[in-house]
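I have placed the structure first, in the form of structure tokens, so that the comments after it can refer back to it.
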Amino acid sequence: IGLRSQLKDSVPVAGFCPQGAYGVQDSLRSGFTSVKNDLIPSHPLELSEKNFQLNQDKMNFSTLRNIQGLHAPLKLQMEYRAARQIQRLPFLQSSNLALDTLRNSDECIGFEDILSDPAQSEVMGEPHMMVEYKLGLL
């Protein structure tokens, strides 16, 4: 029962993908569909690894609250939120250097640093269309 409650977030929801004018998915705005996104996790630790950073932040905030009081985690959360808002244009990959520095993960080399090369990314779309969509002009 415990695993089933965790799997409810990974089960696909029908009709959630944005529809175009003719009832088909608008690939230009939302990207191509992926079968991987529709699958349930194949291993029980996959959900734990997926939410690792969130769980780590919650644990750090509770420890910080017990040691320094309520103001410290609130201030840190506001700094995280401000650092997350610093982005490049929608069609360029952002490195999130400010957020990595706040989390003290800028000196660690991880799996995603080596295999997430922006030059090999498949996310690139038409720049003008993406900026207009982000600004709400489309």
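This chain uses plain numbering: 1 for the first residue, then up along the sequence.
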Quick check for you: to the nearest 0.5 Å, what is the distance between [X] atom [atom1] and [Y] atom [atom2]?
{"X": "L54", "Y": "F52", "atom1": "CG", "atom2": "CZ", "answer": "11.0 Å"}
{"X": "N51", "Y": "K58", "atom1": "CG", "atom2": "NZ", "answer": "8.0 Å"}
{"X": "N96", "Y": "R84", "atom1": "CG", "atom2": "CZ", "answer": "9.0 Å"}

[X] versus [Y]: any side-chain heavy-atom pair under 4.5 Å?
{"X": "R103", "Y": "Q53", "result": "yes"}
{"X": "E107", "Y": "D100", "result": "no"}
{"X": "L47", "Y": "L45", "result": "no"}
{"X": "D57", "Y": "Y80", "result": "yes"}

Handout entry: Pairing residues for S95 by the side-chain contact (heavy atoms from CB on, under 4.5 Å) criterion, not counting sequence neighbours
Key =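 Here the qualifying residues are L97.
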Handout entry: H71, NE2: over 12 other non-hydrogen atoms inside 6.0 angstrom
Key =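 Enclosed.
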Practice task
Give a yes or no on this: more than 12 heavy atoms of other residues, nucleotides or ligands lie within 6.0 Å of atom CG of L137.
Solution key: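 Result for CG/L137: enclosed.
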Exercise for the section: Could you walk me through whether N66 and L64 pass side chain to side chain contact (heavy atoms under 4.5 Å, CB included), step by step? Expected result: CA-CA 5 Å; N66 291 338; L64 195 60; over 6 Å; no
Exercise for the section: Return the set of residues passing side chain to side chain donor-acceptor pair (under 3.5 Å) with Q68 (not counting sequence neighbours), or none when no residue passes. Expected result: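 Once residues adjacent in sequence are excluded, Q68 has no partner under the side chain to side chain donor-acceptor pair (under 3.5 Å) criterion.
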